[in-house]
Amino acid sequence: QDSVYVPLFTYRTGPFAGSGIPIADGMHDYLQMLNERDGGIGGVKLVLEECETGYDTKKGVECYESVKGKNPVIVNPWSTGITLPLIPRASVDKIPILSMAYGLSASARGDIFPWVFNPPATYWDGMSMIIKYIGEKEGGLEKLKGKKIGFLHLDAAFGKEPIPLLQELAKQYGFEVALYPVAAQDMQNQSSQWLSVRRDRPDYMVMWGWGAMNGAAVKEAVRSGYPMDKFYSVWWPGEDDARAGGAGAKGFKMLNWHAVGTDYPALKDIQKHVVDKGLSKSPKDKVGELLYNRGIYNSLLIAEGIAQAQKLTGKKVVTGEDVRRGMENIKLDPARLKELGLEGFTDPMTLTCTDHNSHSAAFMQEWDGSKWVKISEPIKPMTEQVRAQLDAAAKDYADKNPGWPKRSERCDNQS
Amino acid sequence: MLYREAGQFKTNYVADSAIFPLRQDRIGIGLIIVAAYALAFLGNDFLLQAVLIPFLVFSLASIGLNILTGYTGLLSLGTGAFMGVGAYACYKLMTAFPEVNVIVWILMSGFFSAAIGALFGLPSLRIKGFYLAVATLAAQFFLQWCFIRIPWLVNYNVSGALEAPLRTLFGIPIIGATATPQTRYLVVLTIVILLTWLASNLVHGRIGRMWIAIRDMDLAAELMGIRPLQTKLLAFAVSSYYCGVAGALLVFLWYGGAEYDVFNINQSFFILFMVIIGGLGSLIGSFFGAALIFILPIVLGIVLPAMLSPFGISVGADVIEHLRFMIVGALIIFFLIVEPHGLARLWQIGKQKLLVWPFPY
Amino acid sequence: MTAAALQPAPAETVLTVNNIEVVYDHVILVLKGVSLTVPKGGIVALLGANGAGKTTTLKAISNLLHAERGEVTKGSIEFKGERVDKLSPNELVRRGCIQVLEGRHCFGHLTIEENLLTGAFTRKDGNAAIRRDIEAIYEYFPRLKQRRTSMAGYTSGGEQQMCAIGRAMMSKPSMILLDEPSMGLAPQIVEEIFEIVRKLNATEGVSFLLAEQNTNMALKYATYGYILETGRVVMDGPAQMLRENEDVKEFYLGVSEGDRKSFREVKSYKRRKRWLA
Amino acid sequence: MDILYKIFIEPFVFMGEAPDLLIQTLWEGLVSGVLYALIALGFVLIFKASGVFNFAQGIMVVFAALTLVGLYEAGVPAFLALILAVLIMLVLAVVVERVVLRPLVNQPDIILFMATFGLTYFLIGFGELIFGGNPKEMITSELYLPRGTTEVEMLGGFVRFQHLDIAATVIASIMIGLLAVFFSKTRIGRALRAVADSHKAALSVGISLNQIWVIVWFAAGIVALVAGIMWGARAGVSFSLQIIALKALPVLILGGFTSIPGAIIGGLIIGVGEKLGEFYWGPLVGGGIETWLAYVIALLFLLYRPQGLFGEKIIERI
Amino acid sequence: MRAPDHPVLSKGDVLLAVENVSLGFGGVKALTDVSFDIRKSEIRAIIGPNGAGKTSMLNCINGFYYPTEGRITFKGVRRPKMRPYEAARGGIARTFQNVALFKSMSTLDNIMAGRSIKMRSNFFWQLFRHGPAMKEEVAHRRFVEEIIDFLEIQHIRKTPVGRLPYGLQKRVELGRALAMEPELLLLDEPMAGMNLEEKEDMSRFILEVNQQYGTTIALIEHDMGVVMDLSDRVVVLEYGRKIADGTPAEVKGDQRVIDAYLGVAH
Ligand SMILES: Nc1ncnc2c1ncn2[C@@H]1O[C@H](COP(=O)(O)OP(=O)(O)OP(=O)(O)O)[C@@H](O)[C@H]1O
Ligand SMILES: Nc1ncnc2c1ncn2[C@@H]1O[C@H](COP(=O)(O)OP(=O)(O)OP(=O)(O)O)[C@@H](O)[C@H]1O
Ligand SMILES: [Mg+2]
Ligand SMILES: [Mg+2]
């Protein structure tokens, strides 16, 4: 039977396994569901293979090399550290890379990075949305003047990325920024950062964390009595992280772009075809949790990429090159989402040749002590500011890498 | 009965103090080198890119650390950071002076880590043993902090990461996305062979003897006129040089771009373990150690599923990973018990047995 | 050896070493079949040149070889009638056989007194008895008493040697394997040590196996002797007999032509005769 | 001049201005110090008794805590789980002694160090295989550990004391006290030091290394369990916890590898020092200096005393 | 390294003078007000009961300990706070009571290591093991082989010294000290743990070194036979104090020495 090979880079081991496991389960279960329910995509079975990276760049690169020979249609590294070395290779090996809302933000520019996709929003988008939301709460962005916003971030490229934008916005709107870097090895030991928070008394706290850092931060915030309803995070904390704070964590907010819960036909199908049949590794009660659904969203993009590729090429068994084209033609409008059994799961999103990100809107959700509750309408990123950052970064990348190839890949949606 | 030293007499001291006095050994080394070059054309991309290049890079770093820890007896947990210094220096140099050939910069970058290494080696005059680890740990964490905090080091890249711009040798790309695994492998292999040869010259000569003297009995060495500080600092510098070059190779010829995080403390431990399991104070041991610690898990990752599947056991990637950890851990202990002085000693004993074969002693 | 015939019917033996072979590091064969016996209450000397394997023999008996990657590959060792080659060293000490290691090996970071106390680790007869024995040892070695609170690592070579011997005595053994007890000790202390050996032997019936380079002394106090050369026993017999053997006299006692020769006069052309080629 | 002012004057002015924050910082430092010391203690026990630097101590902390929580999640009542966890640490000690240490007696320190690394790898794989890699919550309330906060009004501000932190400090102090007495006053304590000094000589005087090693590894296992409970309650139980163990290194080195009081005092110096440094001086360079400050503090002390504050003197004799 | 101009000394001149040296460690006084001298080309024995301070005396002479009081003059130059390696470079070599060889190196390398201070070729040539580096290596190897021949240790040339029996280790250690071509050779119990035959060998080596190269030797030994036969003059220490100084015959007859050390008249 025909098949396409979809490797899934996962980390069910190592210090970041807490986040890695639900994501891996979600990714796997959605594609497995397609296999079970529809016999794959367009009649082609998906061969799923997990490669364990342990969130370690070394092993991630090894994974990439080991799957490279098997004609993968797409690779999703699930780590910024692994994504970076893969970016230059992608174009040579003709394997598209999906780094969903992580990785190199500049790779949103499809004209410069034809092989890399990072939908549905960049970290800059995320930061601008959070500031916008805070501004609205205050009664307008101008009201931010004189306020102080604390930025608690992992002291690594990932956490530092939004800083220039944040500072830019601070200048623009007259608020003050206080930075609280958390080193990777001190992730779980943030008492000095929170002491400084107590000293500086920021009006709002924004967090860019990953893995154990999120849970520890919530705990510390509760411990040090920071008002939780002023504590915001980018889209990475899961339920477990919020739960860690106990009852005190109520009010903690984070940005998200997809639903939690299982009230969607596709998720029901996952339960029916995968979980109930014992084909999933996920505990039943974790299905539908935030990071699980994050994994689903990731697989949704993969599946759409493959489906679009089949449509474009007319082939059943598509290659990485085809899927790259397919990805550029993803259009998740309400109709398509409904078709997929995911109506209302996420906001519409479109990728094009030039825009590999879509800069989609996201919404704010709040922890009510036991689950996430959506508390806002979609928030659009501040396109203007983000655009400037993005273009500068993309230009910078191309400048620093002389000989970076001009896009020669074909584009199917020139419009 | 091919392996015999009988009949090989040395008629002068040059020959007698040769590094490989036995003809069979010399032939063996020659064959290995030829085979290593041949692999560039025989091996597939996976072998070259995911196994051999990193293996060579780690071997080089192990040689570096072996000079310090194995030969001079100074424990260092800062290898990762010293590798980082090399990588960042190389990046700065090759972007600031793109017209100079990058090979020059790779080899030059080691001098920067040598200088930094020597600086952090200063406390070694007073602090010894495991306590010295703290000085190198300070280096590890401080330098790592610098890598993140000084954006100048990465030319203010927004990603905060090192990138590998296109660089060529004789018009053939050796760094950058278009460089093929073959060419990269050949470059790495040549550099590693060259530096190994130099290291071997060093450790077999006066300087090597001084290092070992310091390691074995530093007080006696000093009483024999060996200056401890100079000798130790030299070891720090040479060691860091090797680590620095390895770091540059790691980023530019293996990963092709990396974050500061690849130079973290785990990298330091990783290299240290290669050195110990390979054999402290043995260059060839560095290669054995790198093979065991780096290649073995890869092999296990490939072999384990294949081994389990005939029994109808199909397990997830995570279980494989767990088994891999357990087996590697158990094997490390096993090898240490069989031969605490590392694989290199095991190798030597093997050769000795071969020399007297078929008699047991 | 015909010497065996001269031996009076052996009393009960405490220690029997039967044709043992020892290999270091899997490849270095050091003992090539050594057998010896120590009678109960005897003092047996083990003589031999450098590297003959005396230390190795003692370590094989006390089971310390294992710690140096050595192995007894052949033969058997019996102590008080039981095979002991598989026992752990501490079990052997419990049964009353203790070794004084060659080259001191005190615990450098412990004081002299603590060193002595560790010697009593296996004893169960209470603090008072231990105290008493410590005092006894201080009596033998007054120098130790003066340095009792110093860390052993800072004491002089001879002081450490006394400490090592005293430490072994603290375990109240019934058999002591003494490796080079006289090394680095001043002449009168050497006499003292041999006197202690004699005394313990006479009053408490402690047996001794004594590897010693000071052949003169050893043969004066021992009842029986073995001469080891490159891993083999080449000669054995009652001490009296060995003392009178011409070869022993020449090689080990230095009294070949009746008189002791001055060290200034020795020339290198003499001897080179060996029992084994 | 400005920079000098910022380094030498401003922080102190600020300390004076907000004494409540100073007290809070000191308290946080104290608590971290105690928690570091708890991990360091495990290292010290084993080092003291065998001269082995036990790289696996960090993973033992995780393993012990995971066992406890894992058993509880499997339906075992909390206190029974605690007892079982203790027993499992005993089994671990026995196995380690038999399989790893016994064959490696009298080998150089670095070799034993390496062996404990093998052990680490094994335990990581084994632990994850059994308990899975996802983080778990420590069963704090089931073990009757206090929760909540006391806010004390003082010096024109307030200082918050977490009950859990107070409990951790008390438990750690009791434990350290008991161990210190046990190891300094008993016959075993002396034997331990002897073993660390020389395996060979210890063997020769009839000290049973096997027995000693089981005892100390077991003691270290219990210390690991306590450390696991305390750290787990603070930061959750997961494999990322083993990274924290690295923090024990400067503590250990500063206090001296062989000293139990050294572990606690080293812990306090490091804990308080790094919190003060980060809080008052960190902002000058953009913060995050905590990662290396501990090592630099330790290094400065070492330059003055190469064997750590309370470590055994390094004997240099020829 | 600064190289003070030493006067050329001839046999019988004072090579090393120890004046009123005291050395204390906390409460312990290892040496108290000791004075003696060592003349060029003599064999000077230092004897005394255990813990008398003999080894400490040697340690002071080559800079491992600094005397708390008093002064030590070597070749007419007083060097306060001299580092051990400076002493070595100034021409003082020694062997140790507890053998201090480089255990993992072969005999040959140990002795070669002793020649480190005589080797000059720079780092660059060392890297390539060619040119001056190799030439030098061979030249020194030749010298070392002479020592090996002289000490009759050819058969263990390539054996790691850690495996050698004690007696041979002592001999290798002597070889290593000789490799430094010292002017003053300090021997700390070179014959401990040897049997008669080996002591005779060792005596022969010591005498020969002394006679052929005119090397001055300071010798600590507990074997009275050796001391009396070999040495030109003997200084006796007890509890850190000098109790006698003179020719072997004089010392042997000294009642204090007999009481403190010899036990019975030898
Ligand atoms: N750990 C070891 N590894 C390898 N060989 C060893 C080891 N220990 C001893 N040997 C070898 O075993 C032989 C016997 O050594 P042993 O120490 O038993 O001699 P000995 O008679 O006690 O000599 P000495 O009088 O010098 O003490 C020597 O040739 C030595 O080289
Ligand atoms: N570094 C030190 N710290 C403390 N005490 C010391 C130190 N070095 C030597 N001593 C003490 O000084 C005294 C003299 O020691 P030294 O080693 O010089 O004796 P020695 O004459 O060589 O004795 P032996 O014949 O036993 O070797 C001894 O009591 C010793 O304990
Ligand atoms: Mg011996
Ligand atoms: Mg002495």
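On a predicted model such as this, the values are computed, not experimentally measured, just so you know. The chains referred to below are lettered A, B, ... by the order of the sequence lines, with proteins before strands, and numbering in each begins at 1.
There is no contact between D:Leu164 and chain A, counting heavy-atom distances below 4.5 Å. Both the backbone and the side chain of D:Gln24 come within contact range of chain A, each with at least one heavy atom under 4.5 Å from a heavy atom of that chain. Residue A:Gln190 does not touch chain D at all, counting heavy-atom pairs closer than 4.5 Å. Looking at D:Ala233, the atoms closer than 4.5 Å to chain A (heavy atoms on both sides) all sit in the backbone: N, CA, C or O. Only the side chain of A:Ile21 comes within contact range of chain D, with at least one heavy atom under 4.5 Å from a heavy atom of that chain. In this structure, chain A has heavy atoms under 4.5 Å from both the backbone and the side chain of D:Thr25. For A:Val222, the part sitting under 4.5 Å from any heavy atom of chain D is the backbone (N, CA, C, O) and nothing else. Both the backbone and the side chain of D:Thr291 come within contact range of chain A, judged by heavy atoms closer than 4.5 Å. Neither the backbone nor the side chain of D:Lys136 has a heavy atom closer than 4.5 Å to any heavy atom of chain A. In this structure, the portions of A:Arg223 lying under 4.5 Å from any heavy atom of chain D include both its backbone and its side chain. For A:Ser224, the part lying under 4.5 angstrom from a heavy atom of chain D is the backbone only.
The closest side-chain heavy-atom distance from D:Glu290 to A:Gln193 is below 4.5 Å. At least one side-chain heavy atom of A:Ser191 sits under 4.5 Å from a side-chain heavy atom of D:Lys275. Looking at heavy atoms from C-beta onward, A:Asn189 lies in side-chain contact with D:Arg234 at the 4.5 angstrom threshold.
Counting heavy-atom neighbours within 6.0 Å of D:Phe126 CZ, excluding the residue itself, gives a total of 12 or less. Residue A:Lys148 qualifies as enclosed at atom NZ: its count of foreign heavy atoms under 6.0 Å is above 12. The neighbour count for A:Lys371 NZ, taken as heavy atoms of other residues, nucleotides or ligands under 6.0 Å away, does not exceed 12.
Residue with the most contacts toward chain D among A:Gly215, A:Gly225, A:Ser19: A:Gly225 (heavy-atom pairs, distance under 4.5 Å).
Both tests pass for A:Arg198 against the ring of D:Phe158: distance under 6.0 Å to the centre and angle within 45° of the axis.
Contact record, D:Pro283 with A:Arg199: CG-NH2, 3.7 Å, taken as the closest heavy-atom pair.
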